[in-house]
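To start, the structure itself, in structure tokens.
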Amino acid sequence: MNERYEPQSIEGKWQARWDEAGIFRAGKRPGAPKKYVLEMLPYPSGKMHMGHVRNYLIGDVYARYFLMRGYDVLHPMGWDAFGLPAENAAIKDGVHPALRTAENIVSFKQEMKSLGYSYDWEREVNTSKPEYYRWNQWFFIKMLERGLVYRRFSKVNWCTGCHTVIANEQVKDGVCERCSSPVVDREMPEWAFRITRYSQDLLDALDTLKEWPDRITSMQRNWIGRSDGAEADFRVQGHEAALRVFTTRIDTIYGCTYVVLAPDHKLVAQVTTPERRADVDAFVKRMAAQSKTERTGEDTEKEGIFTGAHAVNPFTGQQVPIWIANFVLSDYGTGAVMSVPAHDERDFAFARKYALPVKVVIQPATGDKLPAGDALEAAYTEYGVLVDSGEYTGMPSEAARTAMAAKLEKDGQGRATVTYRQKDWGFSRQRYWGTPIPIVYCEKCDPERHGIPVPLEQLPVKLPDIDVQEVLTGKGEPPLAKVASWVNTTCPKCGGPARREAETMDTFVDSCWYFARYLSPHYDAAPFDPKEAQRFLPVDIYVGGPEHAVMHLLYFRFWTRVMKLLDLSPVDEPVKRLITQGIVNGPDGRKMSKRWGNVVAPASIIQEYGADTARAYVMFAGPPERDFDWSDDQVEGVFRFLKRVWVLASTHHASVAGATHDGPFEGKALEIRRAAHKCLKRVGEAIERLSFNTAIAGIMEGLNALSATGTPETPAEKAAMAEAVRLLAVVLTPFAPHIADEIAEAYGSKELTVAQPWPDFDPALVVDDVIPYAVQVNGKLRAEIRVAADAGEADVRAAAEADERVQSALAGKTLRKFVFVPKRLVNFVVG
RNA sequence: GCCGGUGUAGCCCAAUGGGUAGAGGUGCCAGGUCGAGAACCUGGAGGAUGCGGGUUCGACUCCCGCCACCGGCACCA
């Protein structure tokens with residue numbers, strides 16, 4: 001072996017050998033248990049960043065380990081190739097998105113290969129290819145048939161920067177999550193997935209996802225936003241119409257002193273009295289001019305206006321005024337609320353502002369009573385006992401909620417009900433670089449423009465090739481509408497002239513089911529082969545960024561349900577175990593960014609230290625889920641570690657590599673074997689619980705112990721050292737596979753390390769003959785004694801009592817209790 | 001405000017069913033090697049485990065109440 005560790009001269013060689021051997025191809029061990037290891041597929045930008053490196057490494061280490069453990073490992077990779085960046089770049093410089101995407105994939109993939117990832121590249125998927133997106137269209141039509149897709153005319157989130165509609169999930173604080181441009185409301189038709197049909201199921205099943213991080217399930221719970229309450233009808237005085245409110249506190253209805261409608265509620269125009277009409281119209285108009293964020297933003301003042309109309313409380317028969325106000329949302333609940341200022345903070349503030357009455361109907365179950373409404377200083381929003389509430393007076397809130405909802409239902413004036421914050425997923429996008437929605441509009445067959453689905457056998461509806469300069473202008477109507485030769489077609493029903501839907505699908509559709517496409521990437525009878533789904537689903541471990549908690553990770557749970565509904569897949573949930581990796585910050589603790597000049601490029605680390613150091617460092621820096629700051633010193637430390645591994649292997653190479661020994665191992669030879677097997681045990685166990693940083697610490701510990709044993713002299717020592725070096729190569733394989741293969745080969749291995757079984761450690765070698773015991777007196781450490789490992793309680797106690805430090809601590813005291821913890825400590829409790 | 005996470009040596013991080021606070025790395029100090037340097041080797045120091053209570057023979061670990069930081073949700077009726 002070369003004396004010097006030169007990663008650059010060995011890494012490329014091994015990457016090529018892995019490729020040639022096809023060692024990472026899945027499906028070659030049909031009898032073995034399977035592991036599906038998956039990382040979120042990337043949008044192919046030109047260059048990888050450290051976040052990518054870490055993301056893929058977590059999966060890679062796991063995949064390599066289980067490959068060595070004998071599993072049939074499926075570890076694929078692909079490209080989330082549709083999307084805005086390529087299209088926006090095209091608007092700027094005229095390069096066709098398809099061309100740019102293809103180039104980016106080449107360089108991105110090259111970078112991935114230079115890190116030695118264990119992908120089965122034969123299953124590579126590219127979502128922008130017709131072979132892939134035709135199945136998006138297929139799903140669309142199947143879902144349309146089942147009412148899971150529909151067209152609606154509604155208020156949508158329009159991103160002023162991306163010039164397209166975006167989903168609720170993509171709006172953050174009123175701006176576009178992607179480009180930070182303001183998001184405004186627009187009334188327009190759009191296509192939507194009826195994800196809310198599954199809201200309850202998506203919520204309930206979170207409890208079965210025991211191996212998902214709490215933060216992610218909790219975010220999904222928040223996002224779905226289930227709220228239990230009741231609907232109640234308030235008759236409008238002088239009208240036929242009833243006004244339906246939603247409340248979670250029906251127990252406070254006797255304290256309702258007014259009701260409030262959203263400004264765009266259907267009844268506003270109808271109920272407003274002639275004398276209030278002008279004012280109300282002006283208010284409504286002003287509200288309509290504002291965006292939802294402006295109108296309901298955090299520091300927007302609550303304001304409202306009286307309509308002149310009155311509603312009748314279904315419980316009391318009392319008339320209360322009907323107001324409209326900016327803070328009531330038409331798309332949540334029923335778009336109307338009953339206001340109980342005594343028991344709701346917002347209603348309280350509003351009532352004070354407009355001098356509306358406050359009536360106390362709940363008293364705390366214990367403690368001081370609330371004063372009368374006029375004297376109340378703040379709303380009391382806790383549960384309590386009902387007062388001034390007719391026949392419900394004296395009931396606790398919880399019981400009253402049930403009783404009152406039942407009464408409403410009996411009288412046909414309402415019922416207990418549940419609302420969700422989650423909305424249906426609007427997925428129409430006014431962009432070019434996405435999946436065409438397979439719909440045509442025919443004036444003759446479909447005058448109301450519901451849309452006629454393209455017959456399945458005509459799929460895919462391919463994206464037309466375009467003149468980039470002409471079509472991708474970044475303004476106006478959807479780009480595809482400008483492509484006359486494409487948009488003008490014939491009606492599948494009557495054969496007459498028709499127009500294609502010019503909008504494309506949200507790219508989150510692509511990532512909803514790609515994990516299933518990997519199972520049979522060239523299958524052409526369905527999106528994927530259901531037989532393969534039986535074999536490989538669900539994904540055993542899925543690694544990606546937590547930023548996808550309520551978008552991708554919710555959408556693809558939804559889609560998994562659809563795939564089951566369509567008899568394609570047997571699973572209820574796509575992923576058993578989810579890992580959301582932490583952020584790799586710059587050395588200064590700030591997010592890596594050109595702006596701060598603190599970006600560490602993977603390529604430059606590979607160039608300087610090699611891929612193995614880059615890999616081992618990123619895994620060593622901390623637990624996968626935690627953020628960490630890049631540290632050049634720590635990188636150096638890991639590099640130093642690999643150099644020491646190399647030095648150990650190369651200095652002993654000539655004398656020990658071929659050594660064998662049949663006899664017993666004693667003394668130093670035994671010590672060497674013990675160090676190696678303890679290391680093997682520790683590393684394996686750490687990997688199983690995804691504690692990669694401690695796994696590497698375990699290898700370092702093993703190396704330190706082996707280095708400390710000095711030069712092997714006897715045949716036994718030499719053979720022990722040869723075994724130890726081979727085991728070192730084994731445990732290094734998941735983290736630093738190149739150096740591992742190089743060393744293994746030098747030590748006589750005929751096979752690639754990753755193709756070798758991960759050996760079981762020898763249990764006899766991982767236990768010590770003599771064990772240190774801590775001796776405590778009243779919980780305080782008084783002595784440490786060394787006792788044979790098989791010593792029982794009496795032996796250990798005798799040994800402890802024989803120690804003079806213990807004797808002096810016990811002198812003159814009465815023993816009250818003796819605690820014995822095997823292999824750990826003893827404690828004399830004295831009084 | 002509500003939900004979740006994190007808090008251990010100067011720094012990054014371990015401690016697997018309560019059982020001697022330390023595995024590993026980095027930085028610092030000392031010694032060795034070397035051409036006083038760099039690299040390398042050996043050794044060492046360094047701590048009320050965020051704060052306050054409780055349970056226990058014994059608490060980083062379990063319970064209660066706080067604090068700080070990070071993330072999510074939030075006029076959602």
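Chain identifiers are assigned alphabetically (A, B, ...) following the order of the sequence lines, protein sequences preceding nucleic acid strands; residue numbering begins at 1 within each chain. None of these values were measured; they are calculated from a predicted model.
Taking only side-chain atoms of A:Leu329, from C-beta outward, the nucleotide of B:C76, B:U26, B:G71 with the closest atom is B:C76. In the set B:A23, B:A77, B:C73, the nucleotide with an atom closest to the side chain of A:Thr247 is B:A77. Counting only heavy atoms from C-beta on, A:Phe246 has its side chain closest to B:A77 among B:G25, B:A77, B:G19.
Using N1 to N3 plus N6-O4 or O6-N4 for Watson-Crick, or N1-O2 and O6-N3 for G-U wobble, each under 3.5 Å, B:A77 pairs with nothing. Of the nucleotides present, B:G5 is the one that pairs with B:C69 by Watson-Crick or G-U wobble criteria, both distances under 3.5 Å. In this entry B:U61 has no Watson-Crick or G-U wobble partner, no candidate having both defining distances under 3.5 Å. Across all strands shown, B:G35 forms no Watson-Crick or G-U wobble pair with both distances under 3.5 Å. Partner assigned to B:G44 is B:C28, using Watson-Crick or G-U wobble distances below 3.5 angstrom.
Protein atom CZ of A:Phe234 is 12 Å distant from nucleotide atom C1' of B:A77, rounded to whole Å. Atoms CE (A:Met700) and C1' (B:U26) sit 10 Å apart, rounded to a whole Å. When the C1' atom of B:C73 is taken as reference, atom CZ of A:Arg215 falls 14 Å away, rounded to whole Å. Taking atom CD on A:Gln220 and atom P on B:C2, their separation rounds to 23 Å, with Å as the unit. Spacing between atom CZ of A:Arg824 and atom C1' of B:A21 amounts to 12 Å, rounded to whole angstrom units. Atom P of nucleotide B:C3 and atom CD1 of A:Ile224 are separated by 18 Å, given to the nearest angstrom. Distance CD (A:Glu303) to C1' (B:C75): 13 Å, rounded to an integer number of Å. Rounded to whole angstrom, the span from the CG atom of A:Asp214 across to the P atom of B:G71 amounts to 19 Å.
A:Tyr354 has its ring centre less than 6.0 Å from the ring centre of A:Trp323. The aromatic ring centres of A:Phe641 and A:Phe620 sit 6.0 Å or more apart.
For B:A48, the base adopts the syn conformation, since its glycosidic angle falls within 90 degrees of zero.
Mapping A:Gly637 and A:Val337 onto RNA chain B by nearest heavy atom places A:Gly637 closer to the 5' end of the strand. Mapping A:Thr419 and A:Met219 onto RNA chain B via the closest heavy atom, the residue that lands nearer the 5' end is A:Met219.
Looking at heavy atoms from C-beta onward, A:Tyr609 lies out of side-chain contact with A:Val638 at the 4.5 angstrom threshold. Between A:Ile739 and A:Pro7, the closest side-chain pair of non-hydrogen atoms is not below 4.5 Å.
Remark: A:Lys353 engages A:Glu301 in a salt bridge, criterion side-chain N to carboxylate O under 4.0 Å. Comment: A:Arg221 does not engage A:Asp214 in a salt bridge, judged by the lack of any side-chain N to carboxylate O separation of less than 4.0 angstrom.
Nucleic acid contact for A:Ser631: none, since no nucleic acid atom lies under 4.0 Å from a heavy atom of the residue. Note on A:Glu784: a base of the nucleic acid sits closer than 4.0 angstrom, heavy atoms only. Counting non-hydrogen atoms under 4.0 angstrom, A:Val328 reaches a base of the nucleic acid.
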Open item on the list: Protein within reach of the bases, or only the backbone? For nucleotides 11-16 of chain B, mark each nucleotide 5' to 3' as B, S or -, using heavy atoms under 4.0 Å.
Closed with: -BSSSB
Open item on the list: How would you summarise protein contacts on nucleotides 53-66 of chain B per nucleotide, using B for base, S for sugar-phosphate only and - for none, with heavy-atom distances below 4.0 Å?
Closed with: ----B---------
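A distance of 12.5 Å separates NZ of A:Lys681 from CG of A:Leu765, quoted to the nearest 0.5 Å. The line from CZ of A:Phe692 to CD1 of A:Ile58 is 7.0 Å long, rounded to the nearest 0.5 Å.
Across the P atoms, B:U16 and B:G27 are found 28 Å apart, a figure rounded to whole Å. Rounded to whole Å, the separation between the C1' atoms of B:G22 and B:U61 comes to 16 Å. Across the C1' atoms, B:U55 and B:G65 are found 15 Å apart, a figure rounded to whole Å. Taking atom P on both nucleotides, B:C60 is separated from B:A21 by 8 Å, rounded to a whole Å. Distance noted for atom P between B:G43 and B:G5: 41 Å (whole Å). Across the C1' atoms, B:U20 and B:A59 are found 14 Å apart, a figure rounded to whole Å. For the C1' atoms, the distance from B:G32 to B:G18 is 44 Å, rounded to whole Å. Separation of the P atoms belonging to B:C76 and B:G71 is 23 Å when rounded to the nearest angstrom.
Within the structure, a side-chain polar atom (N or O) of A:Arg644 is placed less than 4.0 Å from OP1 or OP2 of B:C41. Within the structure, every side-chain polar atom (N or O) of A:Arg346 is placed at least 4.0 Å from both OP1 and OP2 of B:A74. Proximity of A:Arg421 to the phosphate of B:A74: a side-chain N or O atom is located under 4.0 Å from OP1 or OP2.
Using bins of under 30°, 30° to 60° and over 60° for the plane-to-plane angle, the ring pair A:Tyr5/A:Phe639 lands in the tilted bin.
For A:Asn704 and A:Arg644, the side-chain atoms include at least one donor-acceptor pair closer than 3.5 Å. For A:Glu671 and A:Thr709, the side-chain atoms include no donor-acceptor pair closer than 3.5 Å.
Across all their heavy atoms, A:Ser397 and A:Asp251 have their closest contact at OG-OD2, 3.1 Å.
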